[in-house]
Amino acid sequence: MPCIGQFRRRLIPSILLFLFVFRSPNRTKTMKTQIQSLVAGALQHLADEGVIPADAIPTPNIDRTRDSKHGDFATNVAMALAKIARCKPRDLAEKLVAALPDSDQVERTEIAGPGFINFYLAPAAYHQLIPAIMEQGSAFGRSNLGAGKRVQVELVSANPTGPLHVGHGRGAAYGSAVADLLEAVGYEVHREYYVNDAGRQMDILGTSVWLRYLELCDEPLTFPANGYKGDYVWDIAATLHRDHGDSYCHSTEEVFDDIPADEPEGGDKEKHIDALIHRAKVLLGDNRYRFVFELGLNTILDDIRDDLSLFGVDFEEWYSERTLMESGEVNKMIERLRKSDHVYEEGGALWFRSTAFGDEKDRVVVRDNGQTTYFASDIAYHMDKLERGFDRVIDIWGADHHGYVPRVRAALKALGDDDSKLDVLLVQFAILFRGGEKVPMSTRSGSFVTLRELRKEVGADAARFFYVMRKCEQHLDFDLDLAKSQSSDNPVYYVQYANARICSVLRQAADKGIDAQPSSGTKNLERLTEPHEQALLVTLAKYPEAVEAAATHEEPHQLTHYVRELANDFHTYYNAHKFLIEDTALRDARMKLILATRQVLRNGLLLLGVSAPESM
RNA sequence: GUCCCAGUAGCUCAGUAGGAUAGAGCGCCUCCCUCCUAAGGAGGAAGUCAGGGGUUCGAAUCCUCUCUGGGACGCCA
């Protein structure tokens, strides 16, 4: 399998997940799924009695109620099935309620409104939740929904021609959260960074490095308009100069002899830089050119790896475009298209007939100069992903690639592969605001803010959280001042503070000689009767549902909203009641409640890639 | 020009994928701070869910048209 390096293979977590899946088959049983199976049982019973047709039994839809007056859960099946059953919704609801299997979880049911069946859970159902959370610990909220299916997630995949900027940061945070969520619900996740180390842009980088090096050798020259002008290019050139002196040096006359004019001189900047690349290859020879090229590539790739790792974003694999080409996958792909008659030659180039698959225009796979296009590599890469046997393939791309999606799908269809396994999530750019003003950013002028700078300014936690607060396709206004502020207006701070506050209470308890980890059974949990406590218990119970929803919809923002809600419930509870009180039974119950709350806060934050510090 | 995404309270956004009286934070108004962290707390006002039409028991949510805003189009990578 082609790859230039396999870092941090996640074997250990996979093994743990494997064990966990086999040891805890009940973990997926959220309160919601328990209600669901009760209703399913009732439906089956009605089908057996001929009230509803046996072939029309749906998976019952169970919802949390918006209003606690309507109980904890509600189902609309009676309304949904009324027509088929030729029965009034409320009448059907009554029959359903009568057919419900007994459960110690449900205290009572009620038929309401046009035909809703409301479920009121027994207090015990919530009280059992606390020991369950404490027992499962960091596994609480995880499930086996994915059933160990293999999913490949491609994220970031920025060209290694410079440091990551804040646009890549959102893709990294979002993709990482999606991958982690999928892992949490039982998928075997393979995170992959596709390294574009073969294209023309990399040649431009290598040549840029060499030209800067020549300047360090005191060769006066005009740097090309289309070259990479960032300071990091100087740094790489300086390394080359420091380690190898003048041995890569050629005179300006030699280098620029007969090179077509650059744009500022009225020429074509593309032709200018292409000629310089060619000249570099000729003057340096294959080996020495390769050396400069690799120095640039490896320096930047190392920097990107380091950057992402500090951002809490790690990969199972860094997949090299170059090895993909060298392995012959690209040619194999072209041959397959040729055999199935999906390509044709025109104007010296080889075109893929993507219009036959709904694309608006045919696309070039081999240019008239014989070079395969980036698109060709990308088709081969996706073909390879499917050949590797993944059940699902998810691409996290910048929204500017959206025109690209139909092309890749078309190509997969043409190859006879199943493109429904592919999901492409497009991530919009984030706009930074400082002091209420947009931070100007443009790649052209090189004035983009790097991910590293952002991390330094607001910290990895705030950056990770803010990046995933909105749906991926939505524009994100990133308020730097808010992200830095230590106040409850800052959602990251607010959530982390809830965790720290609980830790603080536990420290206080320890100082007072109070047992902060009471081990007495669940009996005293019945003392948790305050509305704030009930609310907190309900929110804790929702956590597995929130993880499941966020994972299945690939929407980490749902989890950010959840942890905020949980933190809010805790803070209001904290403000309303004291925990370290004389009444030991009630105190023990409250200690257990806040311990469980801390566990769930931690689990949620960690899933989002955010730390849970014990003090602020 | 073609296509994609969005439009919900003054602002920034949720809205459990078709459900019951549309929510939160900020801002605004009223009240409160001897208390495990006041880097706060309690309450209140605030909405034609851009607009029209449709689908059905039921629509912010699905379909359709219109308006407004943002974005994408390459023998670049």
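A note on names: the letters A, B, ... follow the listed sequences, proteins ahead of strands, and every chain is numbered from 1.
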Exercise for the section: Please check if the distance between the ring centroids of A/F433 and A/F478 is under 6.0 Å. Expected result: no

Can you figure out which of [options] approaches the side chain of [X] most closely?
X: A/Y574; options: B/A20, B/G74, B/C36; answer: B/C36
X: A/S487; options: B/G40, B/C75, B/A77; answer: B/G40
X: A/H70; options: B/C75, B/A20, B/A17; answer: B/A20
X: A/D67; options: B/U21, B/G74, B/A42; answer: B/U21
X: A/H475; options: B/U37, B/A72, B/G70; answer: B/G70
X: A/Q508; options: B/G40, B/C36, B/C5; answer: B/C36
X: A/R200; options: B/C36, B/A77, B/C75; answer: B/A77
X: A/Y404; options: B/A20, B/A77, B/G15; answer: B/A77
X: A/E473; options: B/A6, B/U16, B/G40; answer: B/A6
X: A/E555; options: B/A17, B/A39, B/G19; answer: B/A17

Considering just the side-chain nitrogens and oxygens of [X], establish if one lies under 4.0 Å of OP1 or OP2 belonging to [N].
X: A/K471; N: B/A14; result: no
X: A/K83; N: B/C57; result: yes
X: A/S488; N: B/G40; result: yes
X: A/Q474; N: B/A14; result: yes
X: A/R587; N: B/C36; result: no
X: A/S504; N: B/U37; result: yes
X: A/R470; N: B/U12; result: no
X: A/H557; N: B/G15; result: yes
X: A/R66; N: B/A20; result: yes
X: A/R564; N: B/G23; result: no

Close side-chain approach of [X] to [Y], heavy-atom, < 4.5 Å:
X: A/E192; Y: A/L155; answer: no
X: A/L425; Y: A/Y174; answer: yes
X: A/W351; Y: A/V366; answer: no

Practice task
Kindly confirm or rule out a cation-pi arrangement of A/R363 over A/F375, judged by NZ or CZ under 6.0 Å from the six-membered ring centre and within 45° of its axis?
Solution key: no

Would you kindly give the [atom1]-to-[atom2] distance between [X] and [N], to the nearest whole Å?
X: A/N575; N: B/C32; atom1: CG; atom2: C1'; value: 12 Å
X: A/M202; N: B/A77; atom1: CE; atom2: P; value: 14 Å
X: A/R322; N: B/A77; atom1: CZ; atom2: P; value: 17 Å
X: A/I514; N: B/C36; atom1: CD1; atom2: P; value: 14 Å

Using atom [atom1] of each nucleotide, how far apart are [N] and [M] to the nearest Å?
N: B/G7; M: B/C49; atom1: C1'; answer: 10 Å
N: B/U61; M: B/U56; atom1: C1'; answer: 14 Å
N: B/C26; M: B/C5; atom1: C1'; answer: 26 Å
N: B/A20; M: B/A60; atom1: C1'; answer: 15 Å
N: B/U64; M: B/A24; atom1: P; answer: 33 Å

Donor-acceptor pair under 3.5 Å: do we get one between [X]'s side chain and the base of [N]?
X: A/H553; N: B/A17; result: yes
X: A/Y497; N: B/U37; result: yes
X: A/K32; N: B/U16; result: no
X: A/D203; N: B/A77; result: no
X: A/N76; N: B/G19; result: yes
X: A/E321; N: B/A77; result: no

Exercise for the section: Inspect the contact between A/E555 and A/R470 and indicate whether a charged nitrogen and a carboxylate oxygen are less than 4.0 angstrom apart. Expected result: no

Problem - Single hit among A/K32, A/M31, A/R64 for side chain to side chain contact (heavy atoms under 4.5 Å, CB included) with A/K542 - result: A/R64

Base, sugar-phosphate or nothing for [X]? Non-hydrogen atoms, less than 4.0 Å.
X: A/N196; value: nothing
X: A/N118; value: base
X: A/R501; value: sugar-phosphate
X: A/S485; value: nothing

Problem - Chi-angle category of B/A17 [syn within 90° of 0, anti beyond] - result: syn

Problem - Partners passing ring-ring contact (aromatic ring centres under 6.0 Å, His included) against A/H475 (at least two apart in sequence or in another chain) - result: none

